[in-house]
Asks: 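Got a structure here, written out as structure tokens. Questions coming.
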2 protein chains.
Amino acid sequence: MSDKPGFLARRFQQIAVAVFHAEVAAAGFDLTPVQYSALTALRAHPGVDQATLAGLIAFDRTTMGGVVDRLAQRGLLTRKPHPTDRRARTLEITAAGADLLDRVEPAVQRAQEIMVSGLDAAEAAEFLRLLRKAVEGCNALSRAPLTPA
Amino acid sequence: MSDKPGFLARRFQQIAVAVFHAEVAAAGFDLTPVQYSALTALRAHPGVDQATLAGLIAFDRTTMGGVVDRLAQRGLLTRKPHPTDRRARTLEITAAGADLLDRVEPAVQRAQEIMVSGLDAAEAAEFLRLLRKAVEGCNALSRAPLTPA
DNA sequence: GGGTGATTGACAGCATACTGATAATCAGTA
DNA sequence: TACTGATTATCAGTATGCTGTCAATCACCC
């Protein structure tokens, strides 16, 4: 089983989420990896609509609805009607959201290091390169491909 | 964002599941990656209980309940009372389950290759080695660590 | 032989993810 | 301008995964 990339993909994701949760909770915060990604992308691209934000981090449009709901409910972002397109809603990170991102950053960084702590520095760098390359090569194969700005 | 192992982990898992689904569906079957793993492990270890099966493939005990329910409902495995431990249920793969595994195997193999099609053969081998090493190094960090027989 | 701690399977509840469908709207064309 | 096709957000439904909790049961130790 452990020689199948698909099985290891699931396992690595499982570990990544657990480590993220553990570090972020230990630092006193309550934020999922998905919520962190969404807020980070929103800070870099203020004013986008939900579909565009989803494309920036390869989320499914449907999933993004729920994520945005929960973040808005906690006051970490705002959702206002788009000035010209009446279908869309414009998203903006709030001061509370940006502040939370700043304060949680050290925990997130620690989590990223722990995930690859089984590898030495050279291996970790090579692993990251190959993982990025594999993901980019298959970008179009998921329902929600990455769509840069 | 693409330099964070956590983000790439989620993305690679997302792609892996999509590719698995696409190949398996194209071959005319209806089986999720998780169901495939469970059936495969059960065939290799007939008669185990749910908790043991979960440990063999690093599933959460709670998740395994639902997976087993759906597989039993489709007649791919059976769930009988354990002969000595009245808490446990003994799981067995059925002939239909084993037959399905055999017939779906080529599609699963194709999916595994597609997932790493962005890498050449040497890179894919090294990627698999590093991924396996990273996962093993962090095995204890998830709620559901891998527990070999 | 009785009490204690661990284990098994289940439950409710939350958060991703996907499929397929829909209504509202927009944009470009006939 | 009317029509067509694409796009935005949402909905119902299914399947993972996790947290925490619970009752039933087991295994071990005093």
Asks: Please report the distance, rounded to the nearest Å, between NE2 in A:His21 and P in D:dT19.
Replies: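 My rounded result for the distance is 8 Å.
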
Asks: Is a salt bridge present between B:Glu113 and B:Arg110, judged by a nitrogen-to-oxygen distance below 4.0 Å?
Replies: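 The answer is no: the pair does not qualify as a salt bridge.
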
Asks: Expressed as a whole number of angstroms, how long is the span from A:Phe20:CZ to D:dC18:P?
Replies: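 My rounded result for the distance is 16 Å.
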
Asks: Figure out the CZ/P separation between B:Arg70 and D:dG17, and round it to whole Å.
Replies: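 For the pair B:Arg70 CZ and D:dG17 P, the rounded distance is 10 Å.
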
Asks: Side-chain contact test, heavy atoms from C-beta onward, threshold under 4.5 Å: evaluate it for B:Arg43 versus B:Leu101 and give yes or no.
Replies: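 Counting from C-beta outward, B:Arg43 and B:Leu101 do come under 4.5 Å.
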
Asks: Please tell me which of the listed nucleotides, D:dG17, D:dC26, D:dA15, lies nearest to the side chain of B:Gln13?
Replies: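 Within the option list, the nearest is D:dG17.
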
Asks: In the strands shown, is C:dA30 matched to any nucleotide by a Watson-Crick or G-U wobble pair with both distances under 3.5 Å, and which?
Replies: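 Pair assignment: C:dA30 / D:dT1.
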
Asks: Within the structure shown, what part of the strands sits under 4.0 Å from A:Thr32 by heavy-atom distance: base, sugar-phosphate, or nothing?
Replies: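 Sugar-phosphate, no base atom in range.
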
Asks: So do B:Arg79 and B:Asp69 actually touch side chain to side chain, heavy atoms under 4.5 Å?
Replies: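 When only atoms from C-beta onward are counted, B:Arg79 and B:Asp69 do touch, with a gap below 4.5 Å.
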
Asks: Which residue in the set B:Arg10, B:Arg11, B:Gln14 passes side chain to side chain contact (heavy atoms under 4.5 Å, CB included) when paired with A:Gln13?
Replies: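 Passing option: B:Arg10.
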
Asks: Send over the distance from B:Arg86 CZ to D:dA23 C1', rounded to a whole Å.
Replies: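 So the two atoms are 14 Å apart, to the nearest Å.
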
Asks: Under 4.0 Å from OP1 or OP2 of C:dA15: is there any side-chain N or O of A:Gln35 that close?
Replies: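 No.
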
Asks: In this structure, how many angstroms lie between the C1' atom of C:dA17 and the CZ atom of B:Phe12, rounded?
Replies: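 Rounded to the whole Å, the gap is 17 Å.
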
Asks: Name the nucleic acid region contacted by B:Val67, choosing base, sugar-phosphate or nothing; use a 4.0 angstrom heavy-atom cut-off, strictly under.
Replies: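 Sugar-phosphate contact only - B:Val67 comes under 4.0 Å of backbone atoms but never of a base.
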
Asks: Would you mind reporting whether A:Arg74 and A:Asp30 have side-chain heavy atoms less than 4.5 Å apart?
Replies: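 They are in side-chain contact.
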
Asks: Are the side chains of B:Glu23 and B:Val108 in contact, using a 4.5 Å heavy-atom criterion?
Replies: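 Side chain of B:Val108 against side chain of B:Glu23, heavy atoms only: no contact under 4.5 Å found.
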
Asks: Take the protein atom CD of B:Gln14 and the nucleotide atom P of C:dT19, then report the distance between them rounded to whole Å.
Replies: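 In whole Å, C:dT19 P and B:Gln14 CD are 10 Å from each other.
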
Asks: Sort me out a list of protein N/O and nucleotides 8-11 of chain D N/O pairs below 3.5 Å, or just none if empty.
Replies:
{"residue": "D:dA9", "atom": "OP1", "partner": "A:Gln50", "partner atom": "N", "Å": "3.3"}
{"residue": "D:dA9", "atom": "OP1", "partner": "A:Arg89", "partner atom": "N", "Å": "3.0"}
{"residue": "D:dA9", "atom": "OP2", "partner": "A:Gln50", "partner atom": "N", "Å": "3.3"}
{"residue": "D:dA9", "atom": "OP2", "partner": "A:Ala51", "partner atom": "N", "Å": "2.8"}
{"residue": "D:dT10", "atom": "OP1", "partner": "A:Arg89", "partner atom": "NH2", "Å": "2.8"}
{"residue": "D:dT10", "atom": "OP2", "partner": "A:Gln50", "partner atom": "OE1", "Å": "3.4"}
{"residue": "D:dT10", "atom": "OP2", "partner": "A:Gln50", "partner atom": "NE2", "Å": "3.4"}
{"residue": "D:dC11", "atom": "N4", "partner": "A:Thr62", "partner atom": "OG1", "Å": "3.2"}

Asks: Are A:Tyr36 and B:Lys4 close enough that some pair of their side-chain heavy atoms sits under 4.5 Å apart?
Replies: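 Yes, side chains in contact.
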
Asks: Is B:Thr84 touching bases, backbone alone, or none of the nucleic acid, heavy atoms closer than 4.0 Å?
Replies: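 Sugar-phosphate contact only.
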
